[in-house]
Chemist: 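Would you mind keeping the following structure in view while I ask a few things?
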Amino acid sequence: MGMEWITWGWFVSVAVVLISALIWLFPRVPERYVHVHAWLLLLPGAVALIGWIGAGTVDMGRFRFDAVSWLFGVYVSLLSWAIQRFSIRYLHGDRRYRWYFMLLTWTTVAASLTWAAHDLRWIAACWGLPLVGLVALTALKKEWSPVPFVVRQMGLMFGASWLALIIVAVWLGVDSGEWTLTAALSAERIAHLEAWERAVFNGLLLAAAIIPAGQWPFHRWLMESVVTPTPVSAVMHAGLVNAGGLLLGRFAPLFTDTWAHVLLFLLAFVSILIGTGISFVHVDYKRQLVGSTMAQMGMMLVQCALGAYGAAVVHLVLHGLFKATLFLQSGSVVPRVGRAGERVTAGSWRGGMVVGLMLGAVFWQAAPHEPARLLSSVLLAASAAVAWGRLADFREGRWLGLTAVVGLALLSETVRAQLLRLVDPRMSSAFLPPSSFEWGVCLLFALAALAAVWTAKHRHSPLAVRLYMRLVHWGEPRPAATEAHPRYLASYLEEGMAHE
């Protein structure tokens, strides 16, 4: 048996969570029971943490628990607990109050099962279950006129992603005669695939990954998803749109065609530009967060395009925790008066460039052979330059702020390095990008940064104005996904009067 008792304990804890959610649907169960259900959500995470520390890899046929599976068991459990604790008060009084907790539990449990599955058929089935849960959560607000349209769009997009993965799983299993992921993706099995078969597999995997991630040109459904309640948005942006990077990591031995990696990078790069631009030009806070998610998922997929699947998984987890926090506090955001009269001097920018280049060079030389290390160094240098320039705004506490920034940077790098050490051996890739590819990626990012600086300095030029208007348009939902004069409150009043 070995450490299989821990995995069985995880399955039992998941069953307890699902049963507690079903019990909650009965009207006679008092509302205070929701607190019990919320705390039970930590059970799978606690068992997964024990497994992550002591059990190592446990193979159970259709399920296989390794470092990545245990990590996601902890992550999803903690995320689900935090969001549902927030929902206890936020959703109180909603007519489908109980259904929200049931579907939130279903969605997060299905996400955990997806990454514990080791059978191609289970992976294909579980890939769509959290997507179905997300569509059902969105449909609960059917009295809002934009919701049916948004639900249809999400259903079409998610259905296409699910179908693409089903085709890959069934085709690969039938062709190889093996249904476990490790056996079907062994080097011997993949070597027997024809070139056109690998091309089809790579294209389908690409589609299955980028559609739920809200990447261009499939980003419209993500932009229109802001009609969902805040807890649903938190689950969506912290748990489900991130899954594309992990999917490509699981199928990394098959996702090896150079053209597929180049295409993935180009789509992700365009998505980063559009998402970043949308987050800058829109004033609606949730829409800013949606644009930020689009850009962050693009960055995660760029890491996948460079073969850095371990880094992409770490990015997924840390971004999910960060973005869930931002969404859950979105209702408390208060605009602050900016420093309209203050300007960053040329000297501060020159100092920032020097500091950034030094940090980037040291970071790169620490591990030059790590996948996507050069790109990470460039982004670190740019972030340090911007942070130094902003610190120049403060007349007092500048050095204290710099010390805090450096301390947080060292802490985040320590966390990233530790997680990467645990995850990376499990996310190996047969694709080794040439050094020219990564240099080209960094060059494009540098050119995009220079273009952004030029646009900011010439914001009143015709080109900048047209770009601004285009970004506003790309971030706006279609007319069918909006409701200029909400009528659902009037319907609530009519129903209340009818009951009286």
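In this text, all values refer to a predicted model and were calculated from it rather than measured experimentally.
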Chemist: Could you give me the CA-CA distance, side-chain angles and deciding distance for Trp171 and Val200, then say whether side chain to side chain contact (heavy atoms under 4.5 Å, CB included) is met?
Modeler: CA-CA 10 Å; Trp171 190 345; Val200 173; 3.5 Å; yes

Chemist: What do the steps show when you test Phe65 against Trp10 for ring pair (Phe, Tyr, Trp, His ring centres under 6.0 Å), and what is the final call?
Modeler: CA-CA 10 Å; Phe65 291 82; Trp10 184 82; 5.4 Å; yes

Chemist: Keeping Arg287 on the side-chain end and Gly475 on the backbone end, is there a donor-acceptor pair under 3.5 Å?
Modeler: yes

Chemist: Given Leu246 and Tyr309, is the side chain to side chain contact (heavy atoms under 4.5 Å, CB included) satisfied, shown in steps?
Modeler: CA-CA 8 Å; Leu246 190 52; Tyr309 293 106; over 6 Å; no

Chemist: Determine, for Arg250 against Asp66, whether the closest basic-nitrogen to carboxylate-oxygen distance falls under 4.0 angstrom.
Modeler: yes

Chemist: Given 3.5 Å as the limit, does a donor-acceptor pair link the side chain of Thr114 with the main chain of Cys126, or not?
Modeler: yes

Chemist: Apply side chain to side chain contact (heavy atoms under 4.5 Å, CB included) to residues Trp115 and Trp70 and explain how you reach the verdict.
Modeler: CA-CA 9 Å; Trp115 309 121; Trp70 291 125; over 6 Å; no

Chemist: Any sub-3.5 Å donor-acceptor pair from Gln215's side-chain atoms to Met294's backbone N or O?
Modeler: yes

Chemist: Among residues two or more places apart or on two chains, list those pairs meeting salt bridge (Lys or Arg N to Asp or Glu O under 4.0 Å) that have a residue in residues 177-186.
Modeler: Glu178-Arg189

Chemist: Hey, would you say the Phe86 and Tyr90 ring centroids sit under 6.0 Å apart?
Modeler: yes

Chemist: Give every residue pair that meets the side-chain hydrogen bond (donor to acceptor under 3.5 Å, both in side chains) criterion with at least one member in residues 118-133, sequence neighbours excluded.
Modeler: His118-Thr182, Asp119-Arg121, Trp127-Ser161

Chemist: Keeping Asn202 on the side-chain end and Thr256 on the backbone end, is there a donor-acceptor pair under 3.5 Å?
Modeler: yes

Chemist: Is the backbone N or O of Leu267 less than 3.5 Å from a side-chain atom of Ser271, with the two atoms forming a donor-acceptor pair by type?
Modeler: yes

Chemist: Can you establish whether the number of heavy atoms outside Arg220 located under 6.0 Å from its atom CZ is more than 12?
Modeler: yes

Chemist: Evaluate the criterion side-chain hydrogen bond (donor to acceptor under 3.5 Å, both in side chains) for residue pair Thr228 and Ser233; output intermediate values, then yes/no.
Modeler: CA-CA 6 Å; Thr228 58; Ser233 296; 2.9 Å; yes

Chemist: Would you find more than 12 non-hydrogen atoms of other residues, nucleotides or ligands less than 6.0 Å from Tyr33 atom OH?
Modeler: yes

Chemist: Would you sort out whether Leu79 and Thr108 count as a side chain to side chain contact (heavy atoms under 4.5 Å, CB included), showing the intermediate values?
Modeler: CA-CA 9 Å; Leu79 184 71; Thr108 52; 5.7 Å; no

Chemist: State which residue, out of Leu172, Val174, Ile123, fulfils the side chain to side chain contact (heavy atoms under 4.5 Å, CB included) condition with Trp179.
Modeler: Val174

Chemist: Counting only heavy atoms not in Trp99 (residues, nucleotides, ligands), do more than 12 fall under 6.0 Å from its CH2?
Modeler: no

Chemist: Classify the angle between the aromatic ring planes of His92 and Tyr97 as parallel (below 30°), tilted (30 to 60°) or perpendicular (above 60°).
Modeler: perpendicular

Chemist: Hey, is the main chain of Ile211 close enough, under 3.5 Å, to the side chain of His219 for a donor-acceptor pair?
Modeler: no

Chemist: Using a 3.5 Å distance criterion without hydrogens, assess whether the side chain of Arg98 forms a donor-acceptor pair with backbone atoms of Phe26.
Modeler: yes

Chemist: Taking Gln288 for the side chain and Phe280 for the main chain, is one N or O donor matched with an acceptor at less than 3.5 Å?
Modeler: no

Chemist: For residues 36-43, please give each side-chain donor-acceptor pair under 3.5 Å, one per line with the distance, not counting sequence neighbours.
Modeler:
{"from": "His37", "atom 1": "ND1", "to": "Ser20", "atom 2": "OG", "distance (Å)": "2.8"}
{"from": "His37", "atom 1": "NE2", "to": "Gln84", "atom 2": "OE1", "distance (Å)": "3.3"}
{"from": "His37", "atom 1": "NE2", "to": "Thr105", "atom 2": "OG1", "distance (Å)": "2.9"}

Chemist: Look at the rings of Phe63 and Phe11 and say which category their plane angle falls in: under 30° parallel, 30 to 60° tilted, over 60° perpendicular.
Modeler: perpendicular

Chemist: Are any side-chain N or O atoms of Ser77 and backbone N or O atoms of Gly45, one a donor and one an acceptor, separated by less than 3.5 Å?
Modeler: yes

Chemist: Any chance you could measure Leu113, atom CG, to Arg62, atom CZ, to the nearest 0.5 Å?
Modeler: 14.0 Å

Chemist: Students often mix this up, so state it plainly: with edges at 30° and 60°, are the rings of Phe158 and Trp221 parallel, tilted or perpendicular?
Modeler: perpendicular

Chemist: Between Arg96 (side chain) and Leu140 (backbone), is there a donor-acceptor pair under 3.5 Å?
Modeler: yes

